[in-house]
Amino acid sequence: VQLQASGGGLVQAGESLRLSCTVSGRTLNNYIMGWFRQAPGKEREFVAAVTWSSGHTYYADSVNDRFTIARDSAKNTVSLQMNSLKPEDTAVYYCAARYGTIYSSASGYDFWGQGTQVTVSS
């Protein structure tokens with residue numbers, strides 16, 4: 001599975017940003033797609049995940065009600081719509097994939113994109 005993330009940038013607090021991850025390489029019916037983020041000096045943390053087959057979603061408490069993850073089977077993409085951004089959302093965001101069930105630890109994901117920087121100014 002190859003993953004290519006895009007859409008990062010610099011925004012002000014309260015604004016929105018949409019990340020996209022293009023997926024290629026194999027059929028994804030039994031895969032989970034996730035977004036993680038890593039701020040300087042911190043561990044990589046779970047943000048959101050979606051099951052490719054059913055579209056079931058799961059979010060970290062810190063982004064629930066602000067972020068929305070979705071998959072587009074026709075375009076083979078996974079998006080992360082981020083609203084009401086806060087300075088603490090500043091990080092490099094990664095898309096990832098794993099086979100099986102939803103999992104919120106980075107160690108459980110087998111495939112990773114290259115990361116895209118999101119910076120939120122106050």
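These numbers come from the heavy atoms of this one structure, side chains and all, not from hydrogens, waters or symmetry mates.
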- Nearest-0.5 Å distance, CZ of residue Arg18 to OG1 of residue Thr68: 9.0 Å
- Item | Heavy-atom pair of closest approach, residues Cys21 and Trp35 | CB-CZ2, 3.7 Å
- Sorted by chain and number, sequence neighbours left out, side-chain hydrogen bond (donor to acceptor under 3.5 Å, both in side chains) with Asn83 holds for Ser16, Gln81
- Which heavy atom in Met82 sits nearest to a heavy atom in Leu19, and how many Å separate them? CE-CG, 3.7 Å
- In Å, rounded to the nearest 0.5 Å, how long is the span from CD of Glu43 to OG of Ser105? 9.5 Å
- Query: In terms of hydrophobic clusters joined by side-chain contacts under 4.5 Å, are Ile102 and Val78 together?
  - Reply: no
- Contacts satisfying salt bridge (Lys or Arg N to Asp or Glu O under 4.0 Å) that involve residues 64-77 (not counting sequence neighbours) are Arg66-Asp89
- Message: Please check: side-chain N/O of Arg98 versus main-chain N/O of Gly108, any donor-acceptor pairing under 3.5 Å?
- Response: yes
- Message: Quick check: closest heavy atoms across Trp112 and Tyr109, and the distance to 0.1 Å?
- Response: NE1-O, 3.3 Å
- Item | Least distance between heavy atoms, Val120 atom then Lys86 atom | CB-O, 3.3 Å
- Message: Would you call the rings of Tyr31 and Tyr99 parallel, tilted or perpendicular, taking 30° and 60° as the class edges?
- Response: perpendicular
- Close side-chain approach of Thr90 to Val118, heavy-atom, < 4.5 Å: no
- Task: Mind listing the closest non-hydrogen atom pair of Tyr58 and Ser104 along with its distance?
- Result: CE2-CB, 4.2 Å
- Query: For Tyr59, which residues count as a ring pair (Phe, Tyr, Trp, His ring centres under 6.0 Å) partner, sequence neighbours excluded?
  - Reply: none
- Tyr103: ring pair (Phe, Tyr, Trp, His ring centres under 6.0 Å) partners, not counting sequence neighbours: none
Could you give the side-chain donor-acceptor pairs of residues 44-57 under 3.5 Å, partners two or more places apart or in another chain?
| from | atom 1 | to | atom 2 | distance (Å) |
| --- | --- | --- | --- | --- |
| Arg44 | NE | Gln38 | OE1 | 3.2 |
| Arg44 | NH2 | Gln38 | OE1 | 3.3 |
| Glu45 | OE2 | Arg37 | NE | 2.6 |
| Glu45 | OE2 | Arg37 | NH2 | 3.1 |
| Thr51 | OG1 | Ser54 | OG | 2.6 |
| Thr51 | OG1 | Gly55 | N | 3.3 |
| Thr51 | OG1 | His56 | N | 3.0 |
| Ser54 | OG | His56 | N | 3.3 |

- Task: Can you measure from CG (Leu17) to CG (Leu85) and round to the nearest 0.5 angstrom?
- Result: 6.5 Å
- With the 4.5 Å side-chain cut-off for hydrophobic clustering, are Tyr93 and Val23 part of the same group? yes
- Item | CG on Leu3 to CZ on Phe111, rounded to 0.5 Å | 8.5 Å
- May I have all residue pairs that pass side-chain hydrogen bond (donor to acceptor under 3.5 Å, both in side chains) and include part of residues 113-122, sequence neighbours excluded? Gln117-Thr119
- One should read off an interatomic distance between Thr77 OG1 and Met33 CE, to the nearest 0.5 angstrom, of 9.5 Å
